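All values derive from a computational prediction rather than experimental measurement. Every chain is numbered from 1 and lettered A, B, ... according to where its sequence line falls, protein lines coming before strand lines.
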2 protein chains.
Amino acid sequence: MEKSKGSKSQEEVVYERLFDVIIEQKLQPGVRLTEISLAEIFAVSRTVVRRALLRLSYEGVVDIKPNIGAIVTTTEPKDVPQYFEARRIAEGALIRRVAGKLTTYQEETMRAMVREENRYFLSGNRARGLRKSIDFHFYLADIANNKPLAEMGKKMIARTSLIVAQYNLSGSGGCACVDHSALVDVMVSGPADRAENMMHEHLQHIEDNLYFGKQSLETDLYRILEIDKP
Amino acid sequence: MEKSKGSKSQEEVVYERLFDVIIEQKLQPGVRLTEISLAEIFAVSRTVVRRALLRLSYEGVVDIKPNIGAIVTTTEPKDVPQYFEARRIAEGALIRRVAGKLTTYQEETMRAMVREENRYFLSGNRARGLRKSIDFHFYLADIANNKPLAEMGKKMIARTSLIVAQYNLSGSGGCACVDHSALVDVMVSGPADRAENMMHEHLQHIEDNLYFGKQSLETDLYRILEIDKP
DNA sequence: TTAAAGAATATTGTATACAAAAAAATATTG
DNA sequence: CAATATTTTTTTGTATACAATATTCTTTAA
């Protein structure tokens, strides 16, 4: 979640790759992440895999059980509302902070992101579109100028995206339907209250579109990460 | 921050002890935490110390710099406001959720905590009083019935306590002055808005009482953790 | 005496070996 | 054949050795 130096450490490479792959819904919730497999795949020792997994577990996208191991986090239906509420609170506070204070550069950046996101979705590249949609929310968190609040927001954005991955496999991926440009509009012009309300509605809409049926979960780590088996 | 099984793992022991000691202001912000020293002190390998430190760094109470090591987190004065704002948002949302919904058991528990806290402060045991004061806020987070929100709240409670440790060495320790029983009262009776307001005022008061002067920081790990040197 | 350069020391980063625990596979018994 | 025991295999937990890096100390020159 945090950016750092020029040359990425091995741990960072593993962390970021896994984070991306999970967030882009290529690794479904529930998939087991064994240390040795990942160590082989990334050609590093278990030590660095372990660290990366630990970090992911603090971000909430991976769940580590002692003596058992790590899986991509799954969420029970009954727990879903509290994650969305937490996200509404965090992201509502974030948008309040930027509402009416957007620089032209920031506005242009966001509009470009929205365009790119829509392009991906229209061309059928759902994974990339989803990623861009998340990046839009991440960017909002970054420009709100409050580090801990941004961290909270990003954590809940990632967490709820994972929930969407679990309970909205089929249809409209995440935010696709509700256009993000309306959010940009209100950030430029609107007062804080209206911006917060619109964000709340946006998130409520995503939550309302979840489907709590049965899902099929299974995958091959090597294939997903696009690496040949030894 | 998270509670777990019956028999604590080694990592958990190290983590909890360090967390307590830092939160009770026995380890001042800026103090270096070298892995070998801690490994000796706790009679475990560097591996488990490393994991504990990593976890503490995610909680924000320890700061790890690559190739340099871990110190108790320090906060620059200019960054202080954003941590308090984040805490107000998180804890404001938490108290909203419990306002008017306290069970008698919860009320009694909190009143007992307040009594204990005051007893410690009156008898001059500042460290323990401070700890109980934090536990009061932690308890509120626990009963609000929203796991991610509770985590955010606890994280910010710990983080701001650390700030208080750095910039309020001398006088009234944290919340001592403003009585927590008023908060209990409003949680029992008051509407959510009033409860949130009171919490905001409470936290604002703590922030306003910080003193950004010079501090003397230094200590001996072995002495603080009450273990004989080898 | 001070500043800079270099050597010595200490500390973190990574890999790996072995122990402990869990999971899977196989054998055994009703 | 089913259910349970037992063995085998796999996987995680911990300690430790060695490499890379940073820090400290000493030496040397202006």
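In this structure, CZ of A:Phe42 is placed 17 Å from C1' of C:dT14, rounded to the nearest angstrom. Between B:Glu35 atom CD and D:dT21 atom P there is a gap of 16 Å when expressed in whole angstrom units. Remark: P of C:dT11 and CG of B:Leu53 are 14 Å apart, rounded to the nearest angstrom. The CG-P distance, from B:Asn67 to D:dT21, rounds to 7 Å in whole Å. What separates NZ of A:Lys65 from P of C:dA23 is a distance of 11 Å, to the nearest Å. For the pair A:Ile64 CD1 and C:dA22 C1', the interatomic distance rounds to 16 Å; values are reported in whole Å. Residue A:Glu11 contributes atom CD, which lies 16 Å from atom P of C:dT12 at whole-angstrom precision. One interatomic measurement links the two molecules: CD of A:Gln10 to C1' of D:dT21, which rounds to 15 Å at whole-angstrom precision.
Partner A:Glu91 forms a side chain to side chain donor-acceptor pair (under 3.5 Å) with one of A:Arg96, A:His202, A:His137 and no other, that one being A:His137.
Between B:His205 and B:His200, the gap from one ring centroid to the other reaches at least 6.0 Å.
Taking 4.0 angstrom as the limit, A:Thr47 places none of its side-chain polar atoms (N or O) nearer than this to OP1 or OP2 of C:dT14. The side chain of B:Ser45 contributes no N or O atom lying less than 4.0 Å from OP1 or OP2 of D:dT14.
Taking every side-chain heavy atom of A:Arg50 into account, D:dT12 is the closest of D:dT12, C:dT11, C:dG13.
A cation-pi arrangement, defined by a distance under 6.0 Å to the six-membered ring centre and an angle within 45 degrees of its axis, is absent between B:Lys132 and B:Tyr120.
The shortest non-hydrogen separation linking A:Arg32 to A:Ile71 is CA-CG2, 3.9 Å.
For A:Arg46 against D:dG13, a side-chain-to-base donor-acceptor contact under 3.5 Å is present.
With DNA chain C read from its 5' end, the first of the two nearest nucleotides for A:Arg51 and A:Ile68 is the one closest to A:Arg51.
In this structure, C:dA19 and D:dT12 make a Watson-Crick or G-U wobble pair, each of the two defining distances being under 3.5 angstrom.
Salt bridge annotation for A:Glu117-A:Arg128: absent, with no cationic side-chain nitrogen under 4.0 angstrom from a carboxylate oxygen.
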